[in-house]
K.L.:
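Structure provided below as structure tokens; questions to follow.
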Amino acid sequence: MEKGLGQNSVPPPGSIDKSQILDIKPIRCLIPVFSKNPQAPSSGQYPSGFSPFFPFGGPHDSSTTGVKARGRAMPTPIWSFRSPVEEDEDLNGNDGYSHKRDARSNPSRVKLQKIKLNHNFQVDMSGLVGIGPAQKYDGNQEVVNIVLMSFDSLRRRLCQLVDANELNMGMFKRTDLKAGNICLSRGIRTNATKRVGSVPGVEIGDIFFFRMEMCVVGLHSQSMGGIDAIKGDHEDETLAVSIVSSGEYDNEDEDGDVLIYTGQGGNFNKKEKHVSDQKLHRGNLALDRSSRQHNEVRVIRGIKDTTSLGSKIYIYDGLYKIQDSWAEKDKEGGGNLFKYKLIKVPGQHSAFSVWKLIQKWKSGFLARSGLILPDLSSGAESIPVSLVNEVDNVKSPAFFTYFQSLRHPKSFSLTQPSHGCSCNAKKACVPGDLDCSCIQRNKGDFPYIIHGVLVNRKPLVHECGPTCKCFPNCKNRVSQSGLKHQMEVFKTKDKGWGLRSWDPIRAGAFICEYAGEVIDKARLSQLIKEGDTDEYVFDTTRVYESFKWNYEPKLLGEVRTNKSSEDYAMPHPLIINAKNVGNVARFMNHSCSPNVFWQPVLYEENNQSFLHVAFFALRHIPPMQELTYDYGTDRSDNAEGSSARKGRKKCFCGSVKCRGSFT
DNA sequence: GCATGATCACACTC
DNA sequence: CGAGTGTGATCATG
């Protein structure tokens, strides 16, 4: 219905209220503020691998924008359409975040803006910490992570804006392409130099959910084409460097280490379209030359995402060599096709074959080796949690009762009684509906997008609860719906039991909450005094290192507000003991460069607001990769020189940024 | 109701 | 710059 509006500034039908507020005309050009400090702080200040952006202060690089007089080059401003009221707030530099008045008492004061993305405005992001001009062309793991997180955070935010109808509709349905475009044009990319062989910072087994993600990290710089090639000195001396096997061409793969790849082009029987042969040019020619030169070709396997119809997951499967090539007639009446047989170069980790193995476990075709229990949760979770030990003879973790959520002591007194939203009981809450009190509590933003993916880290996420009128299928109940991935509790080599997933996990996807018994500080110290460890305790009063996960507002022409804060804001401390009662979360180990983070979530039960700790994926997590989060440090440990303190455990996370130990 | 097909709006390379 | 190359979301159809 809304489609086809294009850049028309008339608001889409159905958003009656907005048309008033959004009497669309550019009120003011928002000119980004230039950093006073030309030196970006050292990354040491932001130890978690993802540092703040300093878009205007860093080294200049004119190659992306072509602007010569960079020093004075004002970015062409973006138009922001907003009501005058909010304009005042912005001019003063404080929005209403800390003021209770706005959202609750007056819905119209909730931040509401239509954003129009302007292709022409130029922001130089090469000053981004971690992505200097050199890293743009040759990366490493840290830079790859920064680039991927920047891409996905942008994509999530764009998706959120589209969902809420806050973006001029019809401008793009493809938030993936838009986010990629922004990254590439702002220098948020790495390994831009094409190369034969592996790409620094990209590991075999890494997964991608969009073609654009592979573009921005230089794994495969074709946004659509399946074959990427590097040009030689002569026109005819191109070499294929990477291919994406999309499954579209029915590439049969008996063995996980062999790939029969079909060349590009030609028409094969798609309806009445002309049948035509594939031509030996472009990618096909490059592959042909590669088969003669025997150079390594990166192979990315595309497979259907079983959890989301139509979309694909791309797995980097390592380096292959072309062993054979030939032409054959299309079986379904099309023209001639080129075929290439590729063999994986030996001695590399397996990636795609792991997926095939998991498929066999799932189908029951093959038994999981080392399986101790098919379902640790005894049916408490809708998806079974397997218990596996492939490393020693320990038969099971110490006894505990599986329970998926929190148990509160009777005396536990909590926050104010809350009242749910009164959204349509059948329809669930709709992003962009500012009458929804739950959305108001989230400062006007719907916290989740498709696949239940969290858009931003927030001081506190407000979900709908039982007294909300919307029904359980409401998208604002992500953390209450139990496990979404098939989990496995497994014995690690040196860290006791650990947790991992058979399914791929998207960045921002909900994994599980920290279940257990809620206790208070006094009870915790009592437990420790009694000789109990705090091994299974989650304590929100510990010190957690800050890190950046959210998108950079400037990239969308937005102003940074308190709304974008990533600091936790707990209404009260929460200590959870999972020693006797808990879920899979109690098995998650610590890492100094984790792939999971926690987020406080609030929703009411029995008319009282209850605080929960929910875990989300920090980045895309391939199947069978151990899930870890940062345990933080005890407040009393903060003084320097306390590393010899009793109770510290040596950290085995193995990351470059390892702090060596944790408490 | 679920799988498949058609349509649409894109980005990047050459 | 325009042709070549599909992708990914969404909606219609079987």
Side-chain angles (χ1 to χ4, degrees), chain A residues 1-8 12 64 117 119 151-152 154-156 158-163 165 167-186 188-189 192-194 208-232 234-251 261-274 276-287 300 302-314 332 337-338 449-451 453 506:
Chain A
M1 168 158 62
E2 285 101 338
K3 90 176 137 192
L5 271 173
Q7 308 195 11
N8 197 335
T64 42
L117 294 182
H119 272 269
F151 168 88
D152 204 55
L154 266 177
R155 187 195 61 84
R156 293 192 306 266
L158 287 169
C159 207
Q160 181 181 55
L161 290 167
V162 169
D163 284 352
N165 234 320
L167 220 45
N168 279 344
M169 268 303 293
M171 269 188 79
F172 35 87
K173 299 169 177 171
R174 297 291 301 272
T175 52
D176 56 323
L177 296 183
K178 181 52 66 186
N181 181 247
I182 291 173
C183 287
L184 291 174
S185 61
R186 306 292 192 281
I188 304 172
R189 62 184 304 179
T193 319
K194 283 197 189 182
F208 305 88
F209 288 84
F210 298 94
R211 297 282 302 249
M212 269 301 184
E213 293 181 318
M214 299 186 284
C215 292
V216 293
V217 296
L219 184 63
H220 184 86
S221 46
Q222 222 75 327
S223 67
M224 292 179 179
I227 305 162
D228 194 16
I230 193 171
K231 281 198 95 171
H234 269 263
E235 185 76 64
D236 260 13
E237 286 183 4
T238 64
L239 279 183
V241 291
S242 60
I243 58 172
V244 178
S245 142
S246 62
E248 285 293 308
Y249 291 79
D250 189 31
N251 298 309
Y261 188 78
T262 307
Q264 62 186 191
N267 272 320
F268 21 89
N269 99 328
K270 285 284 177 210
K271 274 252 157 148
E272 294 292 316
K273 292 207 173 146
H274 297 295
S276 63
D277 291 340
Q278 290 190 337
K279 293 189 195 97
L280 194 57
H281 67 171
R282 294 170 169 260
N284 298 344
L285 184 61
L287 280 174
I300 298 120
I303 54 161
K304 273 197 195 120
D305 181 355
T306 46
T307 62
S308 138
L309 263 124
S311 72
K312 280 197 195 107
I313 302 174
Y314 301 94
E332 294 172 47
L337 304 174
F338 291 109
I449 53 169
I450 187 167
H451 304 127
V453 163
R506 290 168 186 265

K.L.:
Taking CZ from R186(A) and P from dA11(B), how many angstroms apart are they, rounded to a whole number?
P.N.:
12 Å
K.L.:
Give R211(A) one of three labels, base, sugar-phosphate or nothing, depending on what nucleic acid heavy atoms sit under 4.0 Å from its own.
P.N.:
sugar-phosphate
K.L.:
Rounding to an integer number of Å, can you tell me how far R174(A) CZ sits from dT10(C) P?
P.N.:
11 Å
K.L.:
Tell me which nucleotide among dT13(B), dG8(C), dC10(B) gets nearest to the side chain of L177(A).
P.N.:
dC10(B)
K.L.:
For R189(A) and dA11(B), what is the distance between atoms CZ and P respectively, to the nearest whole Å?
P.N.:
15 Å
K.L.:
Name the closest nucleotide to the F210(A) side chain, picking from dC12(B), dA3(C), dA9(C).
P.N.:
dA9(C)
K.L.:
Return whichever of D228(A) or K304(A) has its heavy-atom-nearest nucleotide of DNA chain B closer to the 5' end.
P.N.:
K304(A)
K.L.:
Using whole Å, what does the distance between atom P of nucleotide dC14(B) and atom CD1 of I227(A) come to?
P.N.:
13 Å
K.L.:
Among all residues two or more places apart in sequence or in another chain, which pass the side chain to side chain contact (heavy atoms under 4.5 Å, CB included) test with C183(A)?
P.N.:
F151(A), L154(A), I188(A), V216(A)
K.L.:
If you measure from CG on L158(A) to NZ on K178(A), what distance do you get to the nearest 0.5 Å?
P.N.:
8.5 Å
K.L.:
Kindly say if N181(A) contacts the phosphate of dC12(B), meaning a side-chain N or O under 4.0 Å from OP1 or OP2.
P.N.:
yes
K.L.:
In whole angstrom, give the distance that lies between atom CD of Q278(A) and atom C1' of dT5(C).
P.N.:
12 Å
K.L.:
Rounded to the nearest 0.5 Å, how far does CD of Q264(A) lie from CG of L337(A)?
P.N.:
12.5 Å
K.L.:
Taking the side chain of K231(A) as its heavy atoms from C-beta onward, which of dC14(B), dA11(B), dT7(C) lies nearest to it?
P.N.:
dC14(B)
K.L.:
Give the rounded distance in Å between these two atoms: CE of M214(A) and P of dC12(B).
P.N.:
14 Å
K.L.:
G263(A) and Q278(A): which non-hydrogen atoms are nearest, and at how many Å?
P.N.:
O-NE2, 2.8 Å
K.L.:
For Q264(A) and dG4(C), what is the distance between atoms CD and P respectively, to the nearest whole Å?
P.N.:
12 Å
K.L.:
Just to be sure I understand the rule, does T175(A) reach a base, reach only the sugar-phosphate, or reach nothing, if contact means heavy atoms closer than 4.0 Å?
P.N.:
nothing
K.L.:
For H281(A), answer base if it contacts any base atom (sugar-phosphate contacts may also be present), sugar-phosphate if it contacts only those atoms, and nothing otherwise; contact means non-hydrogen atoms under 4.0 Å.
P.N.:
sugar-phosphate
K.L.:
When you match Q222(A) and M212(A) each to their closest nucleotide on DNA chain C, which lands nearer the 5' end?
P.N.:
Q222(A)
K.L.:
Tell me every residue that passes side chain to side chain contact (heavy atoms under 4.5 Å, CB included) with K194(A), counting only those two or more places apart in sequence or in another chain.
P.N.:
S221(A), D228(A), I230(A)
K.L.:
Here's a test of your reading of the structure: between R282(A) and Y314(A), which maps to the more 5' nucleotide of DNA chain C?
P.N.:
R282(A)
K.L.:
Identify which nucleotide among dA9(C), dC14(B), dA11(B) has an atom closest to any side-chain atom of S223(A), counting heavy atoms from C-beta outward.
P.N.:
dA11(B)
K.L.:
Grab the CD1-P distance between I303(A) and dT7(C) for me, whole Å please.
P.N.:
15 Å
K.L.:
State which of dT5(C), dC12(B), dT7(C) makes the closest approach to the side chain of L184(A).
P.N.:
dC12(B)
